[in-house]
Number of protein chains: 2
Amino acid sequence: MEPTNGKEACQAKLRASRDALEVIQGKWRIPIIVSLTYGNKRFGEIKKDIDDISPKMLSQELKELEMNKLISRTLYDSMPVTVEYALTPLGKSLNNLLQELLEWGIHFRSEMTGKEKKIAEVVVQH
Amino acid sequence: MEPTNGKEACQAKLRASRDALEVIQGKWRIPIIVSLTYGNKRFGEIKKDIDDISPKMLSQELKELEMNKLISRTLYDSMPVTVEYALTPLGKSLNNLLQELLEWGIHFRSEMTGKEKKIAEVVVQH
DNA sequence: GTAACTAGTTTCCACTGGGTAACTAGTTAC
DNA sequence: GTAACTAGTTACCCAGTGGAAACTAGTTAC
């Protein structure tokens, strides 16, 4: 990634990143999508995968993801009513992004373990 | 990405994604990093790139990013004091992730433009 | 003196992301 | 009847995110 002089290129990238972030941001959306990466799931199953999410937040974030067409919701009126959530093609198109995110998460953790997280010394140059 | 049966694999990915999110999350951090992708910059220059960020938030998020070793801060006591921010190797290691994020942002926008964002009809199956 | 440049800090306030807990509602099993 | 399963909803509360505006502080130029 060259430090190109293109001011417009930088602005374009800033716009694209903010477009993406608007949809993906928050504590729970990515984890929910990761969970659905392992097959279609019902409300309670996602809740079990991400055990510290509250039903309120899960419900709320599933609605948001559905509105943005990243997941689909299918209601089965079986014996006890069940609902199945699944990734749409658009949701599945997050595959590469998720892969990079996961790899970086692992990389970051390995870089950090054992290292103190203090502010680096300020370097004064004359 | 196969819907493998591995419950442990899913849990491992959930952990990795949440590790990464903890560092990257928020409205401003990714945009700041994108800006620094285009070369080392001073406070005022980043502010100019991301013109709707307040100095308070920029200062606060730069500190967080520095604490997590994603960026470095160098003070030059030149005529007017200047401060230069730069990506560390760890910050630069976000390259692939950023690339995927940007591409997905563009993809998402093109998928969405012209399409109404309403909740899909509920499909009832017997 | 005043203005302008640098890089922030401080205060005050609003919104909302998110947590907890209790509650709804329909069906099956006992 | 009660309990248990499904999938949520609702009400209340708090801490943190983020915005606006004013202010600090050191130096240079006029």
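All of these numbers come straight from a predicted model, not from anything done at the bench. The sequence lines fix the lettering, A, B, ..., with proteins before strands; numbering per chain opens at 1.
Atom CD of B:Glu84 and atom C1' of C:dG8 are 17 Å apart (whole Å). Between the NZ atom of B:Lys48 and the P atom of C:dC5 there is a distance of 11 Å, rounded to whole Å. Atom CD1 of A:Ile32 and atom P of C:dG17 are 14 Å apart (whole Å). Counting to the nearest Å, the C1' atom of C:dG18 and the CZ atom of B:Arg18 are 12 Å from each other.
Ion pairing between A:Asp52 and B:Arg18 holds under the 4.0 Å rule for side-chain N and carboxylate O. Here A:Arg73 does not pair with A:Glu66 in a salt bridge; the nearest charged N to carboxylate O distance is not below 4.0 Å. In summary, A:Glu45 and A:Arg42 engage in a salt bridge, as defined by a charged side-chain N under 4.0 Å from a carboxylate O.
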### Query
Going 5' to 3' along nucleotides 16-22 of chain D, which nucleotides have protein heavy atoms under 4.0 Å from the base (write B), which only from the sugar-phosphate (write S), and which from neither (write -)?
--BBB--

### Query
Using a cut-off of 4.0 Å between protein heavy atoms and nucleotide atoms, how would you tag nucleotides 24-30 of chain D 5' to 3' with B, S and -?
---S---

#### Entry: Under the 3.5 Å Watson-Crick or G-U criterion, the dot-bracket string of DNA chain D, with | for inter-strand pairs
||||||||||||||||||||||||||||||

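One distance of note links CG of A:Leu101 with CG of B:Leu101; it measures 9.5 Å at 0.5 Å rounding.
Smallest separation of non-hydrogen atoms from B:Ser93 and A:Trp104: OG-NE1, 2.9 Å. Between B:Phe108 and A:Asn68, the shortest heavy-atom distance links the atoms CE1-O, 3.8 Å.
Shown here are the side-chain contact (heavy atoms from CB on, under 4.5 Å) partners of A:Asp51, two or more places apart in sequence or in another chain: there are none. By the side-chain contact (heavy atoms from CB on, under 4.5 Å) test, B:Asp19 is found to be paired with A:Arg109, residues two or more places apart in sequence or in another chain being considered. Here B:Lys56 pairs with B:Ser54, B:Gln60 under the side-chain contact (heavy atoms from CB on, under 4.5 Å) rule; sequence neighbours left out.
A donor-acceptor pair is defined here as one N or O able to donate and one able to accept, closer than 3.5 Å; such a pair exists between the side chain of B:Lys41 and the backbone of B:Ser35.
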